[in-house]
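Residue numbers start from 1 in every chain, and the chains themselves are labelled A, B, ... in the order their sequence lines are given, proteins ahead of strands. The structure presented is a predicted model; accordingly, all values stated were derived computationally and were not measured.
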Protein chains: 2
Amino acid sequence: MPVEPLSRPRIVAAAIDLIEREGADAISMRRIAADLGVGVMSLYNHVPNKAALLDAVAETVLSGIEFTDDPDADWTERVRMQARAFRQIAHHYPRCTMVVVSRQLQSPAGLLPVERALATLRSVGFDGEEAVRILRMFIAYIVGSLLREVGVTPTFAPVHHSQVDIEKVDPVLFPETRSLAAELGACDHEAEFEFGTELLIQAIAGRLARRKR
Amino acid sequence: MPVEPLSRPRIVAAAIDLIEREGADAISMRRIAADLGVGVMSLYNHVPNKAALLDAVAETVLSGIEFTDDPDADWTERVRMQARAFRQIAHHYPRCTMVVVSRQLQSPAGLLPVERALATLRSVGFDGEEAVRILRMFIAYIVGSLLREVGVTPTFAPVHHSQVDIEKVDPVLFPETRSLAAELGACDHEAEFEFGTELLIQAIAGRLARRKR
DNA sequence: AGCGTGGCACGTACGGTGTACGTCCGTCAA
DNA sequence: TTGACGGACGTACACCGTACGTGCCACGCT
């Protein structure tokens, strides 16, 4: 029985699989090894330590994003597509999202999207400094959005409790919060994400217009 | 010698202190107890478990934000102030920031800022649904910004290496990234944050104008 | 005064974790 | 044939969260 030889990619894949199945807290070298039907210490022949493994997980997830960039499309559409591509992470690997955003990886895995985004921004007339600033703002927004999206599901979503029992909040201290309970309780992540993306694009467009004037 | 009696606030304070001194990874019930000069299990008389302790840390840090809201000021200025208030977290408790954003707490600690922000937004003419959307977008941006700001300091900042050795990136595959190396390498977090905040405010203002028309 | 009683500090113990180190074995080069 | 070497694995250690039991002390009641 020629079992697949142990390898770094196989270990990383098992780790991702485990995180998606049982959550990021459940991950341990022993569990991964068990899932692979292998001794714990064998992992260390391919991965220096657990932190590096998690970095590899983040890198793998990140590099799995499908960026389809159409250079002929309107720049607003291109920005939209790139933003949506990032959000795919939260869809394909919801439980891994926290891992991805919480470790800053210093590998070229994240460079391709950066390059694409900078190219897009510069092609519409922003200078380098401004392109970088805008990119950073976009990334911040996207990261924050992903965190909201996956944070709402801690491990298993309970039935459906909004963050606070709305009955408990004092209507005189928090009138707005109370009257907007319905809106605050529900959250269509996709609509929310699109709304913010459009707002950002409009802001950028406005800045661009002012700049060209 | 009447030692201060053990109490939940004292435990939480010790936890925050430990995190700030040694990083979020270093925290353990045993270390906290040792810092307080107390047996480990004594902690459990005041805190049900470690997760609850971390929630309490998040809540305490969050409720420590100084929100000064001037109802007479321009709404743009009020939004600015509230955004900056959040960013104080990253200044006062840099190592705790990850803890704060990574646990979704279901306590009224985060309600005050929400209430203020909603009130501000509604006072300038947004309806409830839109106010909530805008607030969510702002929070996403702020959270993402804070993560960038503190993520740059993993544990101890090395000398000063930008995320990638710029020499290593291929200039033909990543021309923009390469040519903007200087801009990408340096990051004035305050300026960056202000830039994004202003852009967001402008976007909101634009939306408001369109809405009133 | 005597006597519960309940809260709190604490020790011990158990199952789990990351990983340093040593051992064994299969493969391949000389 | 032999030597070296890389990879799989077992053992061991320090540390983790926390369930459980024990003892102390301050209090309210009779």
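Taking only side-chain atoms of Asn45(B), from C-beta outward, the nucleotide of dG18(C), dA19(D), dA9(C) with the closest atom is dA9(C). Closest approach to the Ser28(B) side chain among dC16(D), dC9(D), dA19(D) is made by dC16(D) (side chain taken as heavy atoms from C-beta onward). Of the candidates dG17(D), dA9(C), dT19(C), the closest approach to any side-chain atom of His46(B) belongs to dA9(C). Proximity note for Arg30(B) (side chain, C-beta onward) versus dA13(C), dC8(C), dG18(C): the nearest is dA13(C). For Ser42(A), counting side-chain heavy atoms from C-beta on, the closest listed nucleotide (dG18(C), dT12(C), dC9(D)) is dC9(D).
Atom-to-atom, NZ of Lys50(B) to C1' of dA19(D) comes out at 17 Å; the value is rounded to the nearest Å. Between the CG atom of Leu43(B) and the P atom of dG11(C) there is a distance of 12 Å, rounded to whole Å. The distance from atom CD1 of Ile32(B) to atom C1' of dT18(D) is 14 Å, rounded to the nearest whole Å. The CG-P distance, from Asn49(B) to dC20(D), rounds to 14 Å in whole Å. Between the CZ atom of Arg31(B) and the C1' atom of dT18(D) there is a distance of 19 Å, rounded to whole Å. Note: CE (Met29(B)) to P (dC16(D)) measures 12 Å, nearest angstrom. Leu6(B) has its CG atom 9 Å from the C1' atom of dC8(C), to the nearest Å.
Aromatic ring centres of Phe138(B) and Phe86(B): separated by at least 6.0 Å.
Other residues, nucleotides and ligands contribute more than 12 heavy atoms inside 6.0 Å of the CZ atom of Arg10(A).
Looking at Thr120(A) and Arg116(A), their side chains never bring a donor and an acceptor atom within 3.5 Å of each other.
Under the side-chain contact (heavy atoms from CB on, under 4.5 Å) test applied with Leu62(A), the options Val100(A), Val101(A), Leu112(A) reduce to a single match, Val100(A).
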